[in-house]
Every structure is written in structure tokens, then in C-alpha cells.
Asker: 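First, the structure itself, so that you have it in front of you.
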Amino acid sequence: MFSSLRWSLMALLAASLSGCAESAEMRAGAAEVRDSAGVRIVENTGGAWQTPWHIAAQPTVTIGSAEGDTTQLLFRVTGALRLRDGSIVIANAGTNELLFFDAAGTYTHRAGGEGEGPGEFRGLSWLSRFGEDSLVAMDIRARRLSYFDSEGRFGRSVRLEPNPDLPFPGPVGMFDDGTLLVTQGAFMLGAEGPTRVERSAEELYRYSADGQTATVLGTFPGVEFSISPTGTTLPGGGDRYGQGAREFGRRTGFAARGQRYCVADNATYEINVYDLDAGLTLVIRKQHTPVPVTDDDVRGLREARLARVTDPNRRRAIQRAQSMKPEPPATMPAYAASIRLDAAGNLWVPEYAQPGAYSLAWSVFSESGQLLGVVDLPEAISVLDIGLDYVLGLRTDELGVQYIQVYQLAKEG
């Protein structure tokens, strides 16, 4: 009995110390934690890092070229990853190939290619890891997943069976059991008046590992649309209406890794984290002061859009369409929806940037939902892969030339 009592007291003491440690950690990080019906809710008002993580000012590897070496020419990159040995693989949709480079960025070989045969692609749209170092790539036109080893040797393929609700499934991530998380996708189509704002509903699906069935995991707010005149007229007269993403509109981002997936509706600073077995387990919030949308913001966005159009008739149509758009929202979205999960399971959330721009500041949250701190990118890139000690992204210059860049990530906190 004494032994049982001693171990019970020790267990209670350990639990108490653990709770105190967590409370102290949360106080240090300016976060409050509470439980609501089994869901952990973390309210963040500050970061936990004593010394911030930082990203090097210059990339350690740059792949891409405007001219010259054809092995460095990238066109319509739809994904890129850094493998365990430091080598890099790029999904180059312009040639429907997987391009392989060593750790220094030197081209080594390629896989795939245009075609309908095993390991070939007609519409290379996505690239992800599967397991420790295997690769899986999506052919959106063939609705097919192709699996390769880390050297690019083709292994097998899985076809995603047609689903009337998923004409073009948008891959988000692959779970450890080989099932695939996909979005329903949003499409900008023709529409009928009157001028208005609508926010679509978007369903999230989980495809079985064999691609035979797609199960709905939930329905979430989708893209906020503007329905308004396009600036052109119908053959019989009257305005032609269209549907497009609202200026400074809200949308929901998704990310998946391991057994978890995140749903980030940027109407407010809140991200919901789900477990495949347990459902909603974590709600992450961050103190946020809404930023007003000003007339200058709207004017700048519209002028930037017009600057890319050279045809005078097209410019006039766009100007007319812009004058008839619905009023923009009063405030900016709370953050950008292009969230990422890194190799350690931390969630990276980009600060909101003007449409067409890339976020330079990213808030990083631990698996438990605590804000660790903010990481600043040295330049505007689309972040594609985050490891334990690197960030890999896609940079597109003013001429449309694409580059894959790898930056060292130092964790001193």
C-alpha cells in the first residue's frame, strides 16, 4: 500500500509540476490556454522566443536562369522540395517533368515528361513528400497520382475516381496513411446581376489511399467573390456580369501533415486544427488589430492591374469594370491564407500583403498552438517547403523568370 501511495503522490506532483511548467511557459510567451469541450483554445498576445529565429539575408542555393543553360530554365513551377541529402526536386509544369538538382543547385537528371504513360504527365500540378523520402506528384488532367523514389524512379500510380463535386480536386497534403486531403476548389465564372458580394462554401475531402472514394471532412467558408459588370456588353445590349475574387476579400487556407490538418479562415485571426481521428482539437488565436482598407489601397491595386495591360480597348473595359465593383471591405484580411506546416509540425502563418504581393513576415506557432515568434523573409518569395533548418521558395522576377531559392533558417531561440 505504501508503494502505491508513494507512486500516486509522485504522479500528482509530476502532473502539478507539468501544469506549472506549461503555465509558466505560456505566461512567458504571453498566451492563455483554456479547454472547451475537449478542444484546446490558445489565445496568443506575444511570442515565446527569447532569441528569434532568423532567415539568412542571401540564399545558399539559387536555381533558375533567364537564358543560357537549358537545365536551369524553369517554367510554370508548381512545387519544389528539399530532400534529406540536401538535393532539390522541382515540379516543372512547363515541361511536365520533375527536375533534380544536387545540394549545390547543379542539375543532375529529370523524371516524368509529357505523355500518358506510367510516370508521365499531361498536367503536372502538385508535388509532395510521401513517407521519409519518397515523392508523389499530381497530374490534374489525368486525375492521377504518381509515386517516385527520391532518385525519381517511378513506382506506381493511383487514379482519383471521378466525383461530380470534385471536377478539379486541389491537393492540400498527404496524410501518413496515404490518404489525400483535397479542396473542392473555387472557380471564377460568368454570373448574373445585380452587383453584390458573395462568399462561397468550400468542402474539404479526403481521398482513400487507393483513390476510389472521397469522403467529406467538412464544409468551410471559401473565397469571397465580387459579382459585377465585366466592362463589356452583351450582344443584345446590357452589361455582361462576371464573378471574380473580391478586392481585399476573405478566403480560407488549408495545410496538412502527418495526422493533422489546419483550416485558416482569414476573416479573423483564428486557425482550427483537426485530427483525423479526434476531429477539432485545437483553436489558435492571435491578438490582432484590424487594418483599414483605404482609398489609396484600392487605387494602388487597380493601377497595378492596369499597368500590366497594353491593349487600349482592354484597358478601357477594365477601368469601366473597376468603377462598377462593389465597395471593398472596411478592413484587410487578418492574415494571408497561404499557411504552411514545417518539418517539425510548426504552423507558419503569413502576414497579409496586397493582392499580387508576397508576405515578408510569418508568424510561427508550435504544435501546441503557442506563438513562438515572427520570422522575416529577406525578399518576396512564394514559400513552398520549410524544413528544420531551411526555407525553400519560388521567386518570380519582373520579366516573369522563375527561380527556386533555399535560405538557411537559424533557430537560436
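Everything quoted here is computed from the prediction, not taken from an experiment. Heavy atoms only: backbone and side chains are in, while hydrogens, waters and symmetry mates are out.
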Asker: Sort out for me which residue in Arg251, Arg250, Arg199 forms a salt bridge (Lys or Arg N to Asp or Glu O under 4.0 Å) with Asp265.
Answerer: Arg199
Asker: Charged N to carboxylate O below 4.0 Å: is that the case for Arg196 and Glu198?
Answerer: yes
Asker: So, Asn44 versus Tyr269: side-chain donor-acceptor pair below 3.5 Å or not?
Answerer: no
Asker: Compare all side-chain heavy atoms of Trp126 with those of Leu180 and state whether any distance is below 4.5 angstrom.
Answerer: yes
Asker: Quickly, which of Glu351, Glu32, Glu43 forms a salt bridge (Lys or Arg N to Asp or Glu O under 4.0 Å) with Lys286? Name it, please.
Answerer: Glu351
Asker: Determine, stepwise, if the pair Arg143 / Glu161 fulfils side-chain contact (heavy atoms from CB on, under 4.5 Å).
Answerer: CA-CA 8 Å; Arg143 298 180 65 93; Glu161 286 301 310; over 6 Å; no
Asker: Counting distance only, does the side-chain N/O of Arg76 pair as donor-acceptor with the main-chain N or O of Asn96 below 3.5 Å?
Answerer: no
Asker: If we only count heavy atoms from C-beta on, is the Thr183 to Pro169 side-chain gap below 4.5 Å?
Answerer: no
Asker: Could you please spell out the steps behind the side-chain contact (heavy atoms from CB on, under 4.5 Å) verdict for Leu74 and Ile90?
Answerer: CA-CA 9 Å; Leu74 304 178; Ile90 300 172; 4.2 Å; yes
Asker: Closer than 3.5 angstrom, by distance alone: can the side chain of Ser366 be matched with the main-chain N or O of Gln370 as a donor-acceptor pair?
Answerer: yes
Asker: State, without any angle test, whether Arg240 and Thr230 hold a side-chain donor-acceptor pair at a distance under 3.5 Å.
Answerer: no
Asker: Got a sec: does the CZ of Arg314 have more than 12 other heavy atoms crowding it under 6.0 Å?
Answerer: no
Asker: Are Thr71 and Asp69 close enough, and set up right, to give a side chain to side chain donor-acceptor pair (under 3.5 Å), and what steps lead you there?
Answerer: CA-CA 5 Å; Thr71 64; Asp69 186 355; 2.7 Å; yes
Asker: Quick check: do Trp53 and Val364 have side-chain heavy atoms less than 4.5 Å from each other?
Answerer: yes
Asker: Please check if atom CG in Asp295 has more than 12 non-hydrogen atoms from other residues, nucleotides or ligands closer than 6.0 Å.
Answerer: no
Asker: Please report the closest heavy-atom contact between Ser200 and Phe225, naming both atoms and the distance.
Answerer: OG-CE1, 3.8 Å
Asker: Looking only at the side chains, is there a donor atom on one of Asp277 and Gln259 sitting less than 3.5 Å from an acceptor on the other?
Answerer: yes
Asker: Check Tyr147, Phe175, Phe148 against Phe130 for a ring pair (Phe, Tyr, Trp, His ring centres under 6.0 Å) and give me the one that passes.
Answerer: Tyr147
Asker: Considering all heavy atoms of both residues, which atom of Gly387 and which atom of Ala343 are nearest to each other, and what is their separation?
Answerer: CA-CB, 4.0 Å
Asker: Starting from the C-alpha separation in whole Å, work towards a yes-or-no answer on salt bridge (charged side-chain N to carboxylate O under 4.0 Å, His left out) for Arg129 and Asp385.
Answerer: CA-CA 10 Å; Arg129 292 180 182 82; Asp385 184 28; 2.8 Å; yes
Asker: I'd like to check Phe168 versus Arg141 (side-chain heavy atoms, cut-off strictly below 4.5 Å). Are they in contact?
Answerer: no
Asker: Donor-acceptor pair, Ser36 side chain versus Val39 backbone, under 3.5 Å?
Answerer: no
Asker: Determine yes or no for a side-chain-to-main-chain donor-acceptor pair under 3.5 angstrom, with Lys325 supplying the side chain and Arg246 the backbone.
Answerer: no
Asker: Starting at CD of Gln402, measure out to CG of Asp397 and round the result to the nearest 0.5 Å.
Answerer: 9.5 Å
Asker: May I ask you to decide if Val263's main-chain N or O and Asn272's side chain share a donor-acceptor pair within less than 3.5 Å?
Answerer: no
Asker: Of all heavy-atom pairs between Ala111 and Gly152, which one has the smallest distance, and what is that distance?
Answerer: CB-O, 3.4 Å
Asker: Counting only N and O atoms by type, is there a donor-acceptor contact under 3.5 Å from the side chain of His54 to the main-chain atoms of Lys411?
Answerer: no
Asker: When rounded to the nearest 0.5 angstrom, what distance separates CD in Glu202 from CD in Gln184?
Answerer: 6.5 Å
Asker: Give the C-alpha distance, both sets of side-chain angles, the deciding distance and a yes or no for side-chain contact (heavy atoms from CB on, under 4.5 Å) between Val375 and Ile55.
Answerer: CA-CA 7 Å; Val375 175; Ile55 297 175; 3.3 Å; yes
Asker: Please check if the side chain of Tyr205 supplies one atom and the backbone of Leu166 the other of a donor-acceptor pair under 3.5 Å.
Answerer: no
Asker: Test Arg40 against every option in Leu282, Leu280, Val283 by the side-chain contact (heavy atoms from CB on, under 4.5 Å) rule and name the one that passes.
Answerer: Leu282
Asker: Is there a side-chain contact (heavy atoms from CB on, under 4.5 Å) between Leu384 and Leu81? Walk through the geometry before answering.
Answerer: CA-CA 7 Å; Leu384 301 178; Leu81 300 170; over 6 Å; no
Asker: Would you say Leu124 and Leu98 make side-chain contact, with heavy atoms under 4.5 Å?
Answerer: yes
Asker: If you measure from CG on Asp149 to CZ on Phe154, what distance do you get to the nearest 0.5 Å?
Answerer: 11.5 Å
Asker: Do Ser87 and Asp85 have side-chain atoms, one donor and one acceptor, less than 3.5 Å apart?
Answerer: yes
Asker: Under 3.5 Å, is there a donor-acceptor pair linking the side chains of Asn92 and Glu97?
Answerer: no
Asker: Sub-3.5 Å donor-acceptor pair from the side chain of Thr60 to the main-chain atoms of Val406, do we have one?
Answerer: yes
Asker: Would you check if Pro355 and Phe248 make a side-chain contact, meaning some heavy-atom pair closer than 4.5 Å?
Answerer: yes
Asker: Is there a side-chain contact between Arg257 and Met174, using heavy atoms and a 4.5 Å cut-off?
Answerer: no
Asker: At what distance, to the nearest 0.5 angstrom, does CG of Leu145 lie from CG of Asp210?
Answerer: 11.0 Å
Asker: Taking all non-hydrogen atoms of both residues, which atom of Val158 and which atom of Arg156 are closest, and how far apart?
Answerer: CG2-NH1, 3.5 Å
Asker: Quick check: closest heavy atoms across Tyr407 and Ile381, and the distance to 0.1 Å?
Answerer: CE1-CD1, 4.1 Å
Asker: With a 4.0 Å cut-off on N to O distance, would you call Glu247 and Arg302 a salt bridge?
Answerer: yes
Asker: Check whether any side-chain heavy atom of Val383 lies under 4.5 Å from a side-chain heavy atom of Trp348, and answer yes or no.
Answerer: no
Asker: Minimum heavy-atom separation for Val182 to Pro171, with atom names?
Answerer: CG1-CA, 4.0 Å
Asker: Nearest 0.5 Å please: distance from the CZ atom of Phe254 over to the CG atom of Leu217.
Answerer: 10.5 Å
Asker: Does any N or O in the side chain of Ser65 come within less than 3.5 Å of the main-chain N or O of Glu67, such that one atom is a donor and the other an acceptor?
Answerer: yes
Asker: Verify, without hydrogens or angle tests, whether Thr252 (side chain) and Pro221 (backbone) share a donor-acceptor contact under 3.5 angstrom.
Answerer: yes
Asker: Could you tell me if Arg260 sits above the aromatic ring of Tyr274, with its cationic atom closer than 6.0 Å to the ring centre and no more than 45 degrees from the axis?
Answerer: no
Asker: In terms of heavy-atom contacts, does CD of Glu379 have more than 12 from other residues, nucleotides or ligands at under 6.0 Å?
Answerer: yes
Asker: At what distance, to the nearest 0.5 angstrom, does CZ of Arg110 lie from OG1 of Thr95?
Answerer: 6.5 Å
